[in-house]
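Everything numeric in this text was worked out from a predicted model, so none of it was measured.
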Amino acid sequence: MLKTSLLVKSQALALCLLILIGCDKQAGETLLAEAVPAAQMEKKAGEKTYPYRAGDEIPALAYIEHKEVYNAEAVIPPQCYTKTDGVNNPCFACHQSYGKEKTRTNMMRDGDLQGAYEFSDLGVTNHWKNLFVNRRPLIDKISDASIKDWITTDNYSALIAKLKNDPGWQGEITPIANLPYPDKAFNEFGLANDQSYWVAFNYKPFPSTFWPTNGSTGDAMIRLPAPFRQLNGSFSLDVYFANLALVEMAVKDLAEISLPPVSELAIGQDLNGDGKISGQIEVIKRRSHYLGDAAGTSLAHMLYPKDTEFLHTVRYIGVDDQGQIYNAPRMKEVRYMKKHSFKSKEMLATAYYQEEKEKHFENLPQVRSLGDKGINNNFGWTINAYIEDGHGQLRQQYQQELAFCGGCHKTIGATIDQTFSFPRKVEGARGWGYINLAKQQDVPNIGEQQGEFLTYMQRAGGGDEFRQNREMLQRWFDNDGRVNEEKVKGAGNLYQLITPSPRRALDLNKAYYTLMKEQSYIFGRDAMLSGADNVLEQVDESQAPLAPEHRYQWDLRLNWHPRDTDISLAQQGEDRYVGS
């Protein structure tokens with residue numbers, strides 16, 4: 001819990017706030033005026049415009065400045081406070097138990113948390129108070145022209161330059177030339193054009209946090225360590241994409257997969273199992289070990305090799321002159337993960353047991369800080385992240401802000417090796433390349449019969465976790481609150497299904513801009529337009545848990561071949577979870 005001394009310090013901190021930011025009579029007023037050029041906007045962005053006055057609650061940066069922990073339960077994400085009314089279940093996409101299925105390396109088995117509100121004494125209070133802020137008055141002060149100027153500026157290149165030029169920086173540096181402009185950064189198979197060896201992949205966004213209609217666009221890249229992309233010490237494109245395909249098979253538990261054309265002659269092995277060594281193949285079968293200079297490393301079931309890296313950018317929602325939605329150059333966040341330590345299934349079991357033990361004894365979550373390198377999630381991964389400062393420039397997140405990452409990349413039952421995006425990659429060769437929603441259909445999850453997003457909307461009772469994205473409700477739901485299945489099934493692709501109108505996109509960008517100006521990320525980073533209606537501020541015994549018939553077993557992996565049945569080696573034998 002917060003230290004009791006914090007209550008005593010409130011007046012002192014408020015006084016510090018006056019010293020730090022001044023008594024601004026215009027507090028809460030946006031900096032964006034009509035048609036302000038981007039260059040001028042950056043200068044003005046240094047001014048602090050917190051949306052509250054002296055004497056109000058302590059601002060976020062005051063907690064950081066004075067090293068007072070605002071929310072020791074930051075691992076409980078905002079979505080967990082959504083009202084279920086006993087029937088609406090957005091929880092199943094994270095909290096899962098898999099019954100008799102024993103092969104998974106994720107042993108959290110937390111399906112009983114679906115709609116159960118099983119929080120600590122501290123967690124019963126919803127600390128994500130940004131959810132309840134009506135940002136409409138602030139949004140109304142920002143012009144469309146000025147926000148368009150803002151989102152089309154590049155703040156990633158300045159971050160890389162700053163880190164490179166900082167002799168004291170001990171963390172990672174992840175340059176990708178032209179990353180704000182993906183069509184320049186990657187080739188058709190997703191390989192970065194700058195020889196950084198990052199590879200972008202096309203994946204189905206996780207429901208529904210990462211749907212553009214709910215606030216942000218984004219992408220993801222993977223990079224394997226040097227031995228996985230080399231043959232006899234030299235880079236080999238054939239070895240690299242063959243090993244990437246083997247990683248995909250290991251993580252998704254597949255027996256074979258398609259891949260961009262590679263040469264068996266160059267690698268010197270029969271990879272497709274036809275008994276020949278050919279000049280070009282497009283299918284590879286699963287094998288016991290990786291290839292090239294990584295030949296001594298065996299494939300580990302549902303685990304990545306040591307030193308695998310991921311880069312994920314969270315961006316503003318781009319709106320072009322024709323009203324089309326795209327990934328804007330300006331980034332809200334740059335997120336990084338590296339598997340610094342390989343943990344076997346047995347070692348992971350010990351880590352999960354330790355987590356259960358800590359919760360049993362009602363100990364609050366601990367964040368292991370690594371300084372410039374970020375945090376250690378205790379499951380073999382280093383996590384680091386950067387977020388906009390008050391000027392719109394990217395900075396490393398403070399430890400209290402990084403603690404938020406543990407809510408998803410540590411101990412929830414649905415992940416595979418603590419990751420989301422790569423297990424949801426479009427299968428095989430078609431999935432190597434920058435994310436493109438227009439080239440994806442709403443395929444079902446493994447074990448399901450209908451499209452995943454249609455199923456999610458039916459179970460969650462809305463087009464977002466908070467069940468209040470009114471545009472999604474108007475587009476895909478009938479007046480009685482039920483999903484219009486025919487309309488959803490009639491969507492030509494995911495772009496049509498989950499991207500916002502230009503009007504909503506611009507408003508969401510403006511809402512986030514005001515949040516960024518406040519630097520109030522520890523109060524929540526969801527860009528709500530008018531405040532949450534279906535979210536609990538305080539959990540008490542009056543909130544009934546979900547009825548058993550509204551709890552579901554779910555696999556975040558997807559059936560990219562709905563007409564086929566033999567997709568996963570571990571697909572059989574999984575029991576349907578129907579509650580504790």
Side-chain angles (χ1 to χ4, degrees), residues 71 73-95 113-119 123-137 139 205-216 404 407-408 412 452-484 488 497-498 500-501 504 507-508 511-512 515 520 523-552 554 579:
N71 181 11
E73 282 280 26
V75 296
I76 302 175
Q79 294 84 353
C80 287
Y81 293 95
T82 298
K83 299 175 184 177
T84 68
D85 297 326
V87 296
N88 301 297
N89 184 355
C91 317
F92 72 90
C94 288
H95 299 298
L113 294 181
Q114 291 185 27
Y117 302 116
E118 295 180 5
F119 300 147
V124 295
T125 297
N126 186 347
H127 287 80
W128 306 110
K129 58 186 180 181
N130 272 342
L131 292 173
F132 306 102
V133 176
N134 179 7
R135 297 190 179 272
R136 284 292 180 186
I139 292 171
F206 193 77
S208 67
T209 301
F210 292 102
W211 294 355
T213 185
N214 290 325
S216 305
F404 172 76
C408 294
I412 59 173
E452 175 191 38
F453 291 173
L454 169 59
T455 300
Y456 178 86
M457 286 190 279
Q458 289 172 334
R459 293 176 177 177
D464 67 318
E465 298 101 328
F466 306 119
R467 299 189 292 113
Q468 64 178 61
N469 182 329
R470 293 176 177 83
E471 186 169 272
M472 289 291 282
L473 293 173
Q474 292 171 358
R475 283 182 175 179
W476 308 116
F477 289 73
D478 294 331
N479 293 333
D480 61 2
R482 295 185 180 183
V483 180
N484 187 318
V488 174
L497 194 57
I498 61 171
S501 66
R504 177 172 170 81
D507 285 348
L508 287 169
Y512 187 85
L515 190 153
S520 61
F523 299 157
R525 55 191 84 178
D526 295 277
M528 307 297 285
L529 298 180
S530 56
D533 299 322
N534 296 319
V535 180
L536 298 168
E537 295 188 64
Q538 190 74 27
V539 177
D540 58 46
E541 295 179 356
S542 67
Q543 278 84 40
L546 278 170
E549 63 268 23
H550 296 294
R551 302 188 183 196
Y552 310 95
W554 178 82

Report the C-alpha separation of Y456 and W554 in whole Å, then their side-chain angles, then the decisive distance to 0.1 Å, and conclude whether the ring pair (Phe, Tyr, Trp, His ring centres under 6.0 Å) test is met.
CA-CA 10 Å; Y456 178 86; W554 178 82; 8.4 Å; no
Is there a side chain to side chain contact (heavy atoms under 4.5 Å, CB included) between L131 and D526 once you walk through the steps?
CA-CA 7 Å; L131 292 173; D526 295 277; 4.1 Å; yes
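Residues G524 and N130 share a closest heavy-atom pair of O-ND2, 2.8 Å. Of all non-hydrogen atoms in Y117 and T82, the two that sit nearest each other are OH-O, 2.6 Å. The shortest non-hydrogen separation linking G86 to H550 is O-CD2, 3.7 Å.
The structure places CZ of R459 at 15.0 Å from OG1 of T84, a figure rounded to the nearest 0.5 Å. A distance of 12.0 Å separates CD of E465 from CG of N89, quoted to the nearest 0.5 Å. The distance from the OG1 atom of T213 to the CG atom of L497 is 9.5 Å, given to the nearest 0.5 Å. Atoms CG and SG, from L113 and C80 in turn, are 8.0 Å apart once rounded to the nearest 0.5 Å.
Residues satisfying the side chain to side chain donor-acceptor pair (under 3.5 Å) test with E73, not counting sequence neighbours, are S120. With sequence neighbours excluded, the residues satisfying ring pair (Phe, Tyr, Trp, His ring centres under 6.0 Å) with F119 are Y81. With sequence neighbours left out, the side chain to side chain donor-acceptor pair (under 3.5 Å) criterion links S216 to K332. Applying the side chain to side chain donor-acceptor pair (under 3.5 Å) rule to D464 yields no partners; only residues at least two apart in sequence or on another chain are considered. With sequence neighbours excluded, no residue forms a side chain to side chain donor-acceptor pair (under 3.5 Å) with Q474.
The backbone N or O of L454 sits nowhere less than 3.5 Å from a side-chain atom of W476 that would complete a donor-acceptor pair. Q114 contributes a side-chain N or O that, together with a main-chain N or O of H95, makes up a donor-acceptor pair within less than 3.5 Å. A donor-acceptor pair is defined here as one N or O able to donate and one able to accept, closer than 3.5 Å; such a pair exists between the side chain of D480 and the backbone of R482. Judged by distance alone, the side chain of N469 and the main-chain N or O of G463 form no donor-acceptor pair under 3.5 Å.
Within the 4.5 Å cutoff, the side chain of H127 has no heavy atoms near those of the I76 side chain. Looking at heavy atoms from C-beta onward, F132 lies in side-chain contact with N126 at the 4.5 angstrom threshold. Taking 4.5 Å as the limit, every side-chain heavy atom of Q79 sits out of range of all side-chain heavy atoms of P90. In this structure, the side chains of S501 and R475 come closer than 4.5 Å at one or more pairs of heavy atoms. Within the 4.5 Å cutoff, no side-chain heavy atoms of C94 are placed close to those of C408.
Classification of the F453-W211 ring pair by plane angle, with boundaries at 30° and 60°, yields tilted.
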For residues 527-536, run the donor-acceptor check on the side chains, cut-off 3.5 Å, and write out each pair with its distance to 0.1 Å, sequence neighbours left out.
from	atom 1	to	atom 2	distance (Å)
D533	OD2	R470	NH2	2.9
N534	ND2	F466	O	3.3
N534	ND2	R467	O	2.9

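For D540, the CG atom sits in a packed shell: over 12 heavy atoms of surrounding residues, nucleotides or ligands are nearer than 6.0 Å.
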